[in-house]
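Heads up: the structure comes next, in structure tokens.
Every chain is numbered from 1 and lettered A, B, ... according to where its sequence line falls, protein lines coming before strand lines.
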Amino acid sequence: MKKLPLYAERALGELQATRGYTATEFEREFRAQFPVTCKPSCVNCCYHPILITIAEGILLFRFLASKGRLTSSLRKKLQDHGQLTSFLDGKVWMQSMIPCPLLNDKLQCSGYEARPLACRLTFSAGDPEKCHPQTFDPEEMASTQDLTRVTRAFEDKLLKSHAVSAIRMSVGRAIQLAEQVISGEIAIDAIERALYQDFTSP
Amino acid sequence: MKCGVCGRKWPDERCQSIRLTESEKAIIQRQTGEPAPDKYIYCGPCWRLFQNKQQGAQFISGSMRAALHAVGHPQADAASKKMLAFLLAKSSKPMS
């Protein structure tokens with residue numbers, strides 16, 4: 001698969017390593033303290049607004065492409081999701097039950113192994129029905145807000161130090177943009193311009 | 001302008017406004033007991049959401065479900081499900 005400029009590849013490598021370590025450590029500590037009540041086929045958190053950077057988008061894109069999962073129907077879902085959620089308010093997003101584009105017909109995540117850190121840090125510790133976006137009770141989910149803030153700040157600093165944009169966008173838009181970056185259609189340092197065009201387009 | 005759905009301020013050129021007819025105003029006034037506004041304002045993202053019939057209906061019924069749950073209404077789930085079915089049926093028919 002096509003490589004990006006060295007500075008971007010270094011940022012991606014560092015991010016991937018840190019993400020893996022953070023998620024594994026968090027899960028180990030969380031499971032030791034709380035009963036994890038997530039159930040198979042419960043996809044309530046797949047309707048939550050998840051915003052990721054272009055770096056996570058590239059990691060996801062590469063994973064999907066390497067597994068041959070970037071089908072035309074998934075591309076359509078990514079496009080629709082990107083358009084529908086672009087600049088959408090978080091509360092409105094929650095009430096609207098917009099599924100993550102990676103959620104497939106079998107209620108599984110198409111990009112599970114490369115899923116965003118925000119997804120990896122999400123567990124239910126009470127009634128999983130309380131994770132439903134329309135009846136959401138944050139107390140029932142793992143208290144990851146502090147950890148999320150710290151990891152986000154770290155990710156921002158890391159990406160900026162490698163001159164990569166740390167702006168967050170929906171999963172659909174991030175994977176779409178990632179494909180354009182990998183193919184050379186858009187330079188990685190022109191991400192912010194592309195997102196501004198999203199804002200100004202009708 | 002301030003979006004009537006999400007409450008965020010948006011540049012005027014990125015907003016859509018829907019002017020209410022006198023009969024629509026009368027219906028709203030009768031239902032809410034308060035004078036109806038002249039127009040409803042939607043920001044670009046909220047407007048796009050309402051253009052999608054499925055998600056727009058989900059948003060309305062979801063907001064209703066959340067509000068009913070918040071006050072502990074025992075029929076919150078059933079009522080919002082009924083509302084969703086009604087909205088989806090209504091949106092699939094041509095406007096009269």
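When B/Cys6, B/Cys43, B/Cys3 are each tested for a side-chain contact (heavy atoms from CB on, under 4.5 Å) with A/Asp89, only one passes: B/Cys6.
In this structure, the ring of B/Phe59 has its center no less than 6.0 angstrom from the ring center of A/Trp93.
Interface remark: A/Thr135 contributes side-chain atoms only to the contact with chain B (heavy atom separation under 4.5 Å).
Among the candidates B/Gly44, B/Ala57, B/Ala66, the residue making the largest number of heavy-atom pairs closer than 4.5 Å to chain A is B/Ala66.
Considering all non-hydrogen atoms of both residues, B/Arg48 and A/Leu84 come closest at O-CD1, 4.1 Å. Nearest heavy atom pair, residue A/Phe87 against residue B/Pro45, reads O-CG, 3.3 Å. When all heavy atoms are compared, the tightest approach of B/Gln58 to A/Ser96 is CB-O, 3.2 Å. Of all heavy-atom pairs between B/Gln55 and A/Ile98, the closest is NE2-CG1, 3.7 Å.
The neighbour count for A/Lys91 NZ, taken as heavy atoms of other residues, nucleotides or ligands under 6.0 Å away, does not exceed 12. For A/Arg10, the CZ atom is loosely surrounded, since the number of other residues' heavy atoms within 6.0 Å does not exceed 12. Heavy atoms from other residues, nucleotides or ligands lying under 6.0 Å from CZ of A/Arg69 number more than 12. In this structure, A/Tyr7 places its OH atom where more than 12 heavy-atom neighbours from other residues, nucleotides or ligands lie under 6.0 Å away.
In this structure, OG in B/Ser61 is found 9.0 Å from CE in A/Met97, a value given to the nearest 0.5 Å. One finds the CD atom of A/Gln83 at 12.5 Å from the CD atom of B/Gln51 (value rounded to the nearest 0.5 Å).
Distance alone, capped at 3.5 Å, places no donor-acceptor pair between the B/Arg65 side chain and the A/Gln95 backbone.
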